[in-house]
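On a predicted model such as this, the values are computed, not experimentally measured, just so you know. Below, read A as the first sequence line, B as the second, and so on, with proteins coming before strands; counting in each chain starts at 1.
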Amino acid sequence: MSRYSAAEIEDKWQTAWDQAGIFRAARTKDKPKYYVLEMFPYPSGRIHMGHVRNYTMGDVIARYKLSTGHNVLHPMGWDAFGMPAENAAMASGGHPKDWTYGNIKDMRDQMKPLGLSIDWSREFATCDPEYYGQQQALFLDFLKNGLVYRKNAVVNWDPVDMTVLANEQVIDGKGWRSGAEVERRELTQWFFKISDFSADLLDALDTLDNWPAKVRLMQENWIGRSRGLQFGFERTDGGDPIEVYTTRPDTLMGASFVGISPDHPLARDLAETNPEVAAFRAECAKGGTTEEALEKAPKMGLDTGLKVRHPLNPDWELPVWIANFILMDYGTGAIFACPAHDQRDLEFARKYDLPVTSVYVPAMGEEGTFIPPEEGGPAYVPPKPETVRYVNGFAGAEAQTAHEAINAAIALCEENGVGHGVTKYRLRDWGLSRQRYWGCPIPVVHCDTCGVVPEKKENLPIELPYDEDGSPIDFSIPGNPLDRHPSWRDCTCPACGAKARRETDTMDTFVDSSWYYARFTAPRADTPTVMAEAEYWMNVDQYIGGIEHAILHLLYSRFFARAMNICGHLPDTAREPFDALFTQGMVTHEIYQTRDAKGRPVYYLPEEVIEFIGKDGKKRAFDAQKFGEGPNAAAQLAQFHMEGKLAEHDLLEIIPSAKMSKSKKNVVDPVNIIGAFGADTARWFVLSDSPPERDVEWTAAGAEAAYKHLSRVHRIVAGITTEPTEAATPEADDALLREMHKAIDDVTKGVESFGFNAAIARLYAFTNTLAKAQAGAAAKAQAARALAQLMSPMTPHLSEELWQMLGGEGLVAHAPWPLADPGMLVEDSVTLPIQINGKRRAEITVPRDMDKAEVEKAALAQNAVIRALDGARPKKIIVVPGRIVNVVL
RNA sequence: GCGGGCGUGGUGGAACGGUAGACACAAGCGACUUAAAAUCGCUAGAGCAUAGCUCGUGCGGGUUCGAAUCCCGCCGCCCGCACCA
């Protein structure tokens with residue numbers, strides 16, 4: 001084959017890999033195992049460039065590890081349950097199952113041409129009954145072990161679609177699909193007891209050295225540990241004390257009132273006899289539970305008329321208010337307010353004319369004018385706790401800092417029998433019930449006599465019904481089809497055998513993705529996992545996915561691994577499932593945009609515009625239809641622009657680095673790219689230019705350049721194998737082989753440290769070296785074989801082809817990774833830059849091991865140095881061996 | 001509000017505290033060609049009095065023989081969390 005033909009090459013080598021079965025993973029003691037996993041895709045129907053980037057990175061690691069003698073597990077599956085399938089069924093008829101499996105087939109067909117080193121024999125979809133049946137088994141085990149329970153909870157309810165919405169699905173207080181005003185509704189829901197693991201999930205973050213610091217920090221904040229004082233306020237009417245939790249007991253002497261949540265049991269009790277309280281609670285119940293809705297809500301309150309005694313001064317009475325800004329599910333649902341040092345409390349106190357008393361004032365000398373909160377200033381939160389003056393504290397006058405004051409306050413209160421110090425977490429239990437069809441059914445039964453009864457394991461899987469008594473399930477009716485499906489819903493009680501109702505809620509799809517990594521170790525087993533397999537393959541050595549999963553998916557998976565360990569489905573060593581995590585950036589693409597008469601954006605496809613270089617040298621774009629296409633359209637436009645004949649408003653705006661989206665017409669379909677240039681080009685491009693954790697901008701020019709480079713490599717190697725040997729010197733051979741070893745060293749380090757862009761830059765440089773080398777045929781062939789190997793994780797098909805052309809043995813995918821010879825990495829002589837006062841002025845080439853004094857002498861003999869010294873003696877000469885010389889005047 | 005990150009040529013980006021701009025894109029010039037494409041070669045941070053010098057990694061300071069890199073203070077952009085007591 002004389003020319004680079006990606007289509008032929010890629011087809012040929014994919015078949016060869018298949019036949020050799022080299023990506024099939026099985027346990028063995030001969031080699032160390034390596035489990036590399038990319039976050040599995042949702043089967044939307046099309047793969048996109050983000051998938052290509054994600055799976056290519058995983059594939060680079062997988063193939064590299066294969067070459068370095070590891071037993072590699074690199075599986076792929078489908079996160080297949082979820083709302084889009086139901087929405088598609090609602091929009092265009094059909095069934096979510098057909099839609100989903102059709103999409104999986106399409107996406108698999110689109111993915112396979114990428115040439116990923118995946119063990120497809122382990123593939124599964126989470127909507128396979130064999131998978132979700134095992135998930136139901138897990139649920140029952142969790143139930144037995146007290147890891148899942150039922151309780152009432154306030155949720156976002158869409159009254160039109162008749163389902164619970166996740167917070168992300170509520171936009172401006174309205175359902176994202178129906179547009180209906182969302183209600184807060186109380187429902188009985190299933191919850192995972194993730195909050196039992198708060199401390200462990202937080203503390204164990206410290207052990208995840210190979211996770212991005214950013215992700216660990218995000219999880220830390222999400223779990224949200226705080227240390228504070230919990231105590232009871234005694235009521236003057238003799239009722240049960242009101243328990244409050246505070247992280248600021250140091251401000252107790254600035255207390256103004258006690259506030260309780262509208263959902264607090266006391267507020268509920270009062271509402272039964274007091275219509276005003278009932279009305280206030282109803283008012284607060286309006287609006288969604290989203291942060292957005294809460295933030296916009298003004299502070300509202302109602303004085304209950306109740307009074308409590310200050311814990312440190314029984315004569316001091318404080319009023320009890322119901323306030324809408326107090327959350328029932330944090331702390332105790334009740335607070336004491338110190339308006340002087342808390343902005344929310346201050347807003348509330350101002351609105352209802354409650355007292356404001358400072359405990360702190362700024363230290364002497366602190367800058368800026370200070371208006372005490374009492375006199376209308378903002379709440380004073382000490383900017384630097386160490387500079388604060390503690391003026392109104394209780395026996396805590398010796399406290400120098402706010403932090404000390406807090407600890408002193410906790411200690412003092414404990415001594416006086418007022419409450420105790422406690423640690424609280426922000427993390428709440430995970431509500432998993434969804435009123436949807438296309439999810440994993442929760443395997444329990446509701447019986448009038450026995451209550452909630454778990455299904456028997458032998459009845460699993462509780463399979464979703466495909467049709468309803470012969471006719472397809474109708475998804476055009478709002479609500480959950482399972483609810484109105486009598487023959488599925490009605491069942492017998494597993495305990496007493498009486499007539500009972502099946503639970504019709506299904507599980508949150510995050511449950512499906514919380515343990516799939518474990519299932520891949522034994523995907524066909526009739527238990528959730530097989531201990532021997534899990535012990536061998538777990539943990540995932542390298543997990544790769546998007547930063548958008550930094551919290552929920554990764555936190556849930558960490559919880560699930562612990563819970564599965566408790567139930568005997570994972571070994572103790574797999575309580576943290578992902579040893580290393582890498583979060584990759586997006587693939588973006590520029591947008592061509594203009595605005596219509598009403599100022600709304602209008603987008604253009606790349607083929608609808610003509611690009612040209614403007615008079616300022618920057619890229620411009622023009623509506624192709626308006627101009628008319630022609631062979632010289634771009635040149636003409638550039639000319640017109642130069643002459644000022646184009647009105648600015650006729651030019652399209654070019655917005656770089658935008659997330660790919662259909663509506664913005666900037667999607668690049670991988671299938672088209674593979675068709676035009678081949679998979680190796682797509683893989684090479686998404687890895688080059690940008691560091692993998694950062695976004696990479698897709699450009700047509702960049703893709704073409706990648707293709708040209710691969711063609712060039714093919715051409716160079718073809719030249720080496722066919723052209724007659726030129727006269728070569730041993731020096732040229734040696735120089736080339738030294739460069740080869742340096743390239744091996746650099747590329748290996750790049751691949752191991754996720755420096756793919758740097759590795760690729762290094763491969764470009766090495767290719768240039770090889771192309772220009774004056775070495776003999778044997779040395780060139782040796783260097784070319786190394787090049788083929790070093791490229792093989794990124795461009796596996798081309799590398800196989802080159803390997804074959806160069807007479808390499810077997811498959812390059814199986815060939816041992818080349819090793820850099822340390823002796824070849826060091827040169828006999830080094831070139832040192834000579835600085836004068838830190839500025840580079842000259843350079844000298846000296847033997848590598850020349851001693852410092854000699855180097856100094858050589859440096860001082862340089863013309864530039866002599867000129868600069870002008871006869872004077874240098875103050876100091878710094879010689880960093882092998883690095884630099886700095887002459888200080 | 002709290003927490004974190006980033007700022008380097010026309011562009012994407014390199015650079016253990018040690019020659020700033022590797023590698024690539026876009027651009028320009030040249031070779032080959034009837035021509036174009038492809039390919040190959042060369043140029044390229046800015047400026048100037050051009051064997052060389054000055055300036056230059058958002059801005060202002062500091063530490064250091066030496067700072068894109070470390071420290072302090074600003075400015076700008078991005079991300080996460082948020083009536084969390």
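Taking the syn range as angles within 90° of 0, the glycosidic angle of B:G76 is outside it, so the base is anti.
Remark: side-chain polar atoms of A:R426 are paired, donor with acceptor, to backbone N or O of A:W222 under 3.5 angstrom. At least one donor-acceptor pair closer than 3.5 Å links the side chain of A:R216 to the backbone N or O of A:L208. Within the 3.5 Å criterion, the main-chain N or O of A:I878 finds no donor-acceptor partner in the side chain of A:N886. A donor-acceptor pair is defined here as one N or O able to donate and one able to accept, closer than 3.5 Å; no such pair exists between the side chain of A:T583 and the backbone of A:G546. For A:N666 (side chain) and A:I591 (main-chain N/O), no donor-acceptor pair under 3.5 Å exists by modelled atom type.
For the ring-ring contact (aromatic ring centres under 6.0 Å, His included) with A:H709, the qualifying choice from A:W684, A:F677, A:Y4 is A:W684, the only one to do so.
When rounded to the nearest whole Å, the span between CH2 of A:W222 and P of B:C84 equals 14 Å. Nucleotide B:C81 holds its P atom 9 Å from the CG atom of A:L552, rounded to whole Å. The separation between A:E704 atom CD and B:U39 atom C1' is 14 Å, rounded to whole Å. A straight line from CG of A:D695 to P of B:C79 spans 10 Å, rounded to a whole angstrom.
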task: Apply side-chain hydrogen bond (donor to acceptor under 3.5 Å, both in side chains) to the pair A:S690 and A:N757, showing each step before the final yes or no.
output: CA-CA 6 Å; A:S690 279; A:N757 57 324; over 6 Å; no
message: Test side-chain contact (heavy atoms from CB on, under 4.5 Å) on A:T246 and A:I335; report intermediate values, then the result.
response: CA-CA 7 Å; A:T246 180; A:I335 62 160; over 6 Å; no
task: Would you check, one step at a time, whether the test side-chain hydrogen bond (donor to acceptor under 3.5 Å, both in side chains) holds for A:R281 with A:N324?
output: CA-CA 9 Å; A:R281 289 193 66 228; A:N324 66 336; over 6 Å; no
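Residue A:R426 has its side chain nearest to B:C81 when only B:G12, B:C81, B:G18 are considered. Listed nucleotides: B:C83, B:A85, B:G52. Nearest to the side chain of A:R867: B:G52. In the set B:A22, B:C83, B:A85, B:A22 carries the atom at the smallest distance from any side-chain atom of A:A761. Nearest nucleotide to the side chain of A:P691, out of B:A22, B:A85, B:A14: B:A14. The side chain of A:L217 lies closest to B:G4 when the candidates are B:G12, B:G80, B:G4. Nearest nucleotide to the side chain of A:R883, out of B:A22, B:G13, B:G18: B:G18. Nearest to the side chain of A:K214, among B:C79, B:C81, B:C83, sits B:C79. Taking every side-chain heavy atom of A:I884 into account, B:U19 is the closest of B:U19, B:G13, B:C81.
Looking at heavy-atom distances under 4.0 Å, A:I326 makes contact with a base. Counting any heavy atom pair closer than 4.0 Å across all strands shown, A:T246 reaches sugar-phosphate atoms only and no base atom. Within 4.0 Å of A:N757, counting heavy atoms only, lie sugar-phosphate atoms of the nucleic acid but no base atom. Note on A:D342: nothing from the nucleic acid sits closer than 4.0 angstrom, heavy atoms only. If you check every strand for non-hydrogen atoms under 4.0 Å, A:Y245 touches a base.
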Show me the protein contacts with nucleotides 40-42 of chain B, counting only N or O atoms at under 3.5 Å.
residue: B:C40; atom: OP1; partner: A:R712; partner atom: NE; Å: 3.0

Between the protein and nucleotides 60-68 of chain B, list every N/O to N/O distance that falls short of 3.5 Å.
residue: B:C65; atom: O2'; partner: A:N886; partner atom: ND2; Å: 3.2
residue: B:C65; atom: O2; partner: A:N886; partner atom: ND2; Å: 2.7

Can you name the atoms? Protein N/O to nucleotides 54-58 of chain B N/O, anything below 3.5 Å, with the distance.
residue: B:U54; atom: OP2; partner: A:R841; partner atom: NH2; Å: 3.0

Output one line per pair: protein atom, nucleotide atom from nucleotides 26-33 of chain B, and distance, for all N/O pairs under 3.5 Å.
none

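Remark: the A:K299 side chain and the B:C83 base include a donor-acceptor N/O pair separated by less than 3.5 Å. With hydrogens and angles ignored, no donor-acceptor pair closer than 3.5 Å exists between the side chain of A:R694 and the base of B:C78.
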Contacts table for residues 697-704 of chain A: side-chain donor-acceptor under 3.5 angstrom, sequence neighbours left out:
residue: A:E697; atom: OE1; partner: A:S657; partner atom: N; Å: 2.7
residue: A:E697; atom: OE1; partner: A:S657; partner atom: OG; Å: 2.8
residue: A:E697; atom: OE2; partner: A:E590; partner atom: N; Å: 2.9
residue: A:E697; atom: OE2; partner: A:S657; partner atom: N; Å: 3.3
residue: A:T699; atom: OG1; partner: A:G702; partner atom: N; Å: 2.9

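Contact check, A:Y330 against B:A85: a side-chain N or O comes under 4.0 Å of OP1 or OP2. Residue A:N768 has a polar side-chain atom (N or O) positioned under 4.0 Å from OP1 or OP2 of B:A24.
Nearest heavy-atom pair, A:F348 versus A:A323, reported as atom, atom and distance to 0.1 Å: CE1-CB, 3.7 Å.
Taking CE of A:M794 as the start and CG of A:D680 as the end, the distance is 11.5 Å to the nearest 0.5 Å.
One finds no salt bridge joining A:E347 and A:R344 here, because no Lys/Arg side-chain nitrogen approaches an Asp/Glu carboxylate oxygen to under 4.0 Å. Salt bridge A:K742/A:D746: absent, no basic N to carboxylate O contact under 4.0 Å.
Cation-pi contact between A:K424 and A:Y330: absent, since separation from the ring centre below 6.0 Å together with deviation from the ring axis within 45° is not met. The cationic group of A:K299 lies under 6.0 Å from the six-membered ring centre of A:F325 and within 45° of the ring axis, placing it in a cation-pi geometry.
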task: Using Watson-Crick or G-U wobble pairs with both distances under 3.5 Å, give me RNA chain B in dot-bracket, 5' to 3', with [ ] for crossers and | for pairs to another strand.
output: (((((((..(((.....[....))).(((((.......))))).((((...))))..(((((..]....))))))))))))....
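Between A:G331 and A:I760, the one whose closest nucleotide on RNA chain B sits nearer the 5' end is A:I760.
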